Amino acid sequence: MLCKRSHHKIDNDVVLGYHYNVADIRLAQHIEKGNEDGLFISSVASSQNLWALIMDAGTGFSDQVYELSPFFLHKEWIQENLEKSYYISEVAGANNGSSLVVMSKGQSWI
């Protein structure tokens, strides 16, 4: 199955990108490309052990870290980043028990 990537300019300020059918091994490549384009992850999902990402230039985030873990919710990594003032902005799990956790700085959810 081929992974798909697309970026769309919604208006003068907002660029939205989406990636789907992304295998674990290619996840970092897609995220890095989005980051190079000024995008941050705003939503994640998984189906059949493939990932979907929505990346957005209008999130208000100033920084972002993520971890793809082979088990569900790597507590130590999350705690370490909470101590660095990141908060969990997205999380998803896959059928094989792995998880993708995204932690961000900047605009907080109310």
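Scope of the values below: all heavy atoms of this structure, side chains included, with no hydrogens, waters or symmetry mates. What you see is a predicted model; the values in this text were computed from it and never measured.
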Taking side-chain contact (heavy atoms from CB on, under 4.5 Å) as the test, write out the residues that go with S43, two or more places apart. I54, E90
Quick one: pull up [atom1] in [X] and [atom2] in [Y] and give me the separation to the nearest 0.5 Å.
{"X": "S42", "Y": "Q64", "atom1": "OG", "atom2": "CD", "result": "8.5 Å"}
{"X": "Y66", "Y": "L53", "atom1": "OH", "atom2": "CG", "result": "9.5 Å"}
{"X": "N21", "Y": "R26", "atom1": "CG", "atom2": "CZ", "result": "11.0 Å"}
{"X": "E32", "Y": "L27", "atom1": "CD", "atom2": "CG", "result": "10.0 Å"}

When you compare the side chain of [Y] with that of [X], does any pair of heavy atoms fall below 4.5 Å?
{"X": "F61", "Y": "S89", "answer": "yes"}
{"X": "L68", "Y": "W51", "answer": "yes"}
{"X": "H74", "Y": "V101", "answer": "no"}
{"X": "I41", "Y": "L100", "answer": "no"}
{"X": "W77", "Y": "V65", "answer": "yes"}
{"X": "K84", "Y": "E80", "answer": "yes"}

For [X] and [Y], indicate whether the former's side chain and the latter's backbone hold a donor-acceptor pair under 3.5 Å.
{"X": "S99", "Y": "F71", "answer": "yes"}
{"X": "N49", "Y": "N96", "answer": "yes"}
{"X": "N81", "Y": "S85", "answer": "no"}
{"X": "D37", "Y": "L39", "answer": "no"}

Treat each ILVMFWY residue as a node, draw an edge where side-chain heavy atoms are under 4.5 Å apart, and state whether Y86 and L73 are in one component. yes
What's the shortest heavy-atom distance between M103 and I78, and which atoms? CE-O, 3.6 Å
